[in-house]
Amino acid sequence: MHGVNTVGIDDIAAYIPNLYLPIEDLASARDLEYAKLNKGLGLTAMSVPDAHEDVATMAANAVLELLQRNALQPEQIGRIYMGTESALDGSKPMATYVQDMLNQYFEPTHGEGAFLNCDVVDMTFACIGAVDALQNTLDWVKGGDDRIGIVVGSDVARYELNSGGEYTQGAGAIAVLVRQQPRLLAFEDAWGVASRPVHDFFKPVRRFSKKQIIEEVLQLAGVTGVDAEALLAKLETGAPNSILHHNDAHVDIHRDTPVFDGPYSNDCYQQRIGEAMRHYAEQENLPEKEPVTDDWHRMVFHLPYAYQARRMFSEIFREESLKRGDWERTAALIDQPWPEAADFESDAAYQKAVGKYLRAVTKTDRYRKFVAEKIEKGERASSLVGNLYTSSLFLSLMSTLEADLEEAQDLTGKKIGFFAYGSGSKSKVFTATVGSNWKAVAEQFGLNRKLAERRALDYATYEMLHRGQQATSVEIPEGTFYLKAVNREPGVQEGARAYGWQPYVKVPATATQA
């Protein structure tokens with residue numbers, strides 16, 4: 001870990017909203033079987049942002065914790081690269097809002113523009129954006145002895161109410177300190193990549209004609225005999241900057257709830273991580289028949305839901321076992337043979353049979369033991385938080401390290417394998433070695449403590465927050481960055497967001513005693 005060219009993660013900080021909805025309550029409201037969500041997918045709770053929280057505030061809070069914990073000054077940070085798929089602007093990166101909040105906080109001690117010379121940018125590729133930012137920053141840090149970078153992932157995983165993705169929701173941010181001679185993890189040079197342009201999950205700009213909008217409103221209002229074309233003509237003399245008063249024939253609407261195909265997305269996930277792992281093996285010049293994962297002490301995954309990895313990894317598990325020469329020990333536990341394509345009339349029928357066989361693999365004692373040893377510790381936080389999109393893989397890493405710390409496991413010198421994924425779709429597979437000071441770093445995470453101290457929401461309040469109808473914060477912000485306002489007035493600042501820092505309020509002793 002102390003070689004001349006080692007570069008990696010020195011520390012990680014997580015910001016998770018203090019509100020959560022128990023999955024059991026959501027299941028009750030949706031008439032779903034809780035056991036299927038909990039035992040089948042590993043879901044227990046989902047984090048929910050308060051009215052004053054968004055992707056920028058969560059990111060800024062995570063970065064501030066990282067800076068304070070490591071006694072870092074603004075001038076030491078050369079870049080803050082942010083991965084997000086929840087950006088609130090089509091041009092101005094969320095990282096600039098994070099920079100603005102940090103400038104506000106440090107201005108009393110460092111003057112105006114404390115982060116003036118800090119490079120900030122957003123990187124977007126669904127859930128893998130922060131990993132892209134990490135790889136880029138590792139290369140940058142490697143190029144200079146004093147370079148220190150921060151990688152941030154911040155997202156709100158939000159789905160339509162009563163949709164198939166609602167129970168996987170979550171929210172939070174992770175800030176990662178990247179520097180040379182890292183205390184926590186040193187990364188190796190080999191990175192496997194697999195990318196295919198698909199539409200498994202995306203957030204398109206929906207387009208509606210002005211005439212369509214007017215006709216729909218008239219229909220809903222029960223109004224007949226009105227000429228929509230005539231109303232459109234009147235828009236030319238309407239109030240400037242009104243919703244429909246502009247030269248375009250259409251209105252483009254962006255919504256942060258995705259269009260997705262769950263089964264297809266799972267297939268893409270499974271295929272991309274396998275392809276990326278094979279590419280990783282090529283980068284490492286490993287023999288074709290040599291197992292790749294045998295010396296990976298732990299495996300960390302992007303987890304759209306807690307049990308995603310254990311459900312998706314069975315095919316790679318079989319491939320690795322075949323290379324190792326011990327697959328028959330597992331095959332003997334399955335009461336069906338491996339399907340052969342020639343035995344089926346269609347590819348769809350063959351793929352269905354393969355899927356059934358791989359599900360049988362996951363139920364074997366050998367596979368369950370593998371999951372318990374290599375994967376399960378990274379699932380624990382995800383089960384309590386939900387999907388964090390770009391932060392999910394890093395939350396899994398923190399969960400793994402904190403669990404091993406609490407269980408007195410020594411990971412020093414051990415190798416961790418990473419499986420990142422972003423819909424659209426791309427996977428990256430890479431490895432890192434755990435440093436000798438990892439325990440001292442992991443002791444400062446406080447992840448389990450933060451999760452245990454959260455406040456449960458009732459369903460009605462959750463729905464108000466989800467719909468954006470909760471006008472005031474459920475909890476008064478204290479010791480945190482918060483969203484003050486969004487400019488609604490037409491003009492050059494329309495849509496701009498204003499943020500602030502809310503210090504802790506000192507309660508007088510008499511009030512406390514009362």
Side-chain angles (χ1 to χ4, degrees), residues 5-13 15 54-107 109-155 173-182 184-185 187 189 191 389-391 393-394 420 422 428 430 481 496-497 499 501:
N5 295 318
T6 58
V7 61
I9 296 176
D10 195 68
D11 196 4
I12 315 175
Y15 179 85
D54 66 11
V55 289
T57 64
M58 294 189 300
N61 284 317
V63 173
L64 182 61
E65 179 182 337
L66 195 67
L67 293 172
Q68 291 177 330
R69 198 160 69 207
N70 292 278
L72 290 168
Q73 303 304 312
E75 60 271 15
Q76 293 178 270
I77 309 304
R79 61 163 54 180
I80 298 174
Y81 274 25
M82 184 169 174
T84 184
E85 61 171 275
S86 308
L88 301 167
D89 189 286
S91 176
K92 182 176 169 63
M94 297 311 298
T96 61
Y97 287 112
V98 174
Q99 183 185 31
D100 178 43
M101 283 180 267
L102 295 172
N103 278 333
Q104 289 182 47
Y105 183 86
F106 284 98
E107 183 174 352
T109 55
H110 289 75
E112 185 181 359
F115 288 83
L116 175 65
N117 301 124
C118 181
D119 184 18
V120 296
V121 75
D122 288 359
M123 302 188 83
T124 302
F125 197 128
C127 299
I128 205 171
V131 170
D132 290 339
L134 173 64
Q135 186 179 16
N136 185 290
T137 301
L138 289 168
D139 289 342
W140 176 78
V141 168
K142 194 180 299 183
D145 291 342
D146 298 324
R147 291 182 179 180
I148 299 175
I150 292 177
V151 171
V152 190
S154 184
D155 281 291
I174 303 288
V176 179
L177 185 63
V178 181
R179 67 195 311 174
Q180 292 192 21
Q181 314 302 345
L184 197 61
L185 292 172
F187 287 87
D189 291 333
W191 285 60
Y389 286 165
T390 57
S391 294
L393 177 134
F394 298 100
K428 290 186 174 180
F430 50 99
F481 293 110
R497 296 190 160 222
Y499 296 94
W501 168 260

Chemist: I'd like to know if the side chain of T84 and the backbone of S154 have a donor-acceptor N/O pair within less than 3.5 Å.
Modeler: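 Yes, T84 side chain to S154 backbone: donor-acceptor pair under 3.5 Å.
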Chemist: Looking at CZ of F430 and CD of Q135, how far apart are the two atoms once the value is rounded to the nearest 0.5 Å?
Modeler: 8.0 Å
Chemist: Given I148, which partner from the list T137, L72, V178 fulfils the side chain to side chain contact (heavy atoms under 4.5 Å, CB included) test?
Modeler: L72
Chemist: Any chance you could measure D146, atom CG, to R179, atom CZ, to the nearest 0.5 Å?
Modeler: 9.5 Å
Chemist: Shortest non-hydrogen contact from L184 to D10?
Modeler: CB-O, 3.9 Å
Chemist: Going by the rule side-chain hydrogen bond (donor to acceptor under 3.5 Å, both in side chains), which residues pair with Y97 if we only count those two or more places apart in sequence or in a different chain?
Modeler: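 Once residues adjacent in sequence are excluded, Y97 has no partner under the side-chain hydrogen bond (donor to acceptor under 3.5 Å, both in side chains) criterion.
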Chemist: So which heavy atom on Q180 is nearest to which on K142, and how close?
Modeler: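 Result for this residue pair: NE2-O, 3.6 Å.
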Chemist: Closest approach of Q68 and Y105, non-hydrogen atoms and distance?
Modeler: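 The pair with the smallest heavy-atom distance is NE2-OH, 2.7 Å.
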Chemist: When you compare the side chain of V176 with that of Y81, does any pair of heavy atoms fall below 4.5 Å?
Modeler: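 No. Closest side-chain heavy atoms not under 4.5 Å.
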Chemist: Between the main-chain N or O of V121 and the side-chain N or O of R79, is there a donor-acceptor pair closer than 3.5 Å?
Modeler: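 Flag not set: sc R79 to bb V121 has no pair under 3.5 Å.
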Chemist: I need the minimum non-hydrogen distance between D155 and V55, along with the two atoms involved.
Modeler: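 Heavy atoms only, the tightest pair is CA-CG1, 3.7 Å.
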Chemist: Identify the two heavy atoms, one from A62 and one from A13, that lie closest to each other, and give their separation to 0.1 Å.
Modeler: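 Where A62 meets A13 most closely, the heavy atoms are O-CB, 3.5 Å.
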Chemist: Please report the C-alpha distance between T124 and E85 in whole Å, then the side-chain angles of each, then the deciding distance to 0.1 Å, and finally whether the side chain to side chain donor-acceptor pair (under 3.5 Å) criterion is met.
Modeler: CA-CA 6 Å; T124 302; E85 61 171 275; over 6 Å; no
Chemist: Nearest 0.5 Å, please: how far is CG in D119 from CD1 in I77?
Modeler: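 It comes to 12.5 Å.
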Chemist: Mind checking what makes side-chain hydrogen bond (donor to acceptor under 3.5 Å, both in side chains) contact with R147, not counting sequence neighbours?
Modeler: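 Listed in chain order: nothing, the list is empty.
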Chemist: Closer than 4.0 angstrom, basic N to acidic O: yes or no for D132 and K428?
Modeler: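 Between K428 and D132 there is a salt bridge, with a charged N closer than 4.0 Å to a carboxylate O.
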Chemist: With rounding to the nearest 0.5 Å, note down the distance linking CG in L102 to CZ in F115.
Modeler: 4.5 Å
Chemist: How many angstroms lie between CG in N103 and OG1 in T96, if you round to the nearest 0.5 Å?
Modeler: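 Nearest 0.5 Å value for the CG-OG1 distance: 10.5 Å.
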Chemist: Going by heavy atoms in the side chains, are I150 and L67 under 4.5 Å from each other?
Modeler: yes
Chemist: For D122 versus P93, what's the shortest heavy-atom pair and its separation?
Modeler: OD2-CA, 3.2 Å
Chemist: Assess the residue pair L64 and F106 against the criterion (side chain to side chain contact (heavy atoms under 4.5 Å, CB included)); give the C-alpha distance rounded to whole Å, side-chain angles, the decisive distance to 0.1 Å, and a yes or no.
Modeler: CA-CA 10 Å; L64 182 61; F106 284 98; 4.0 Å; yes
Chemist: I need the F394 CZ to I12 CD1 distance, nearest 0.5 Å.
Modeler: 7.5 Å
Chemist: Can you find a pair of side-chain heavy atoms, one from R497 and one from D54, that are under 4.5 Å apart?
Modeler: yes
Chemist: For F125, give me all partners under ring-ring contact (aromatic ring centres under 6.0 Å, His included), at least two apart in sequence or on another chain.
Modeler: none
Chemist: Could you tell me if the side chain of V98 sits less than 4.5 Å from the side chain of V120, heavy atoms only?
Modeler: no
Chemist: Can you find a pair of side-chain heavy atoms, one from T57 and one from W501, that are under 4.5 Å apart?
Modeler: no
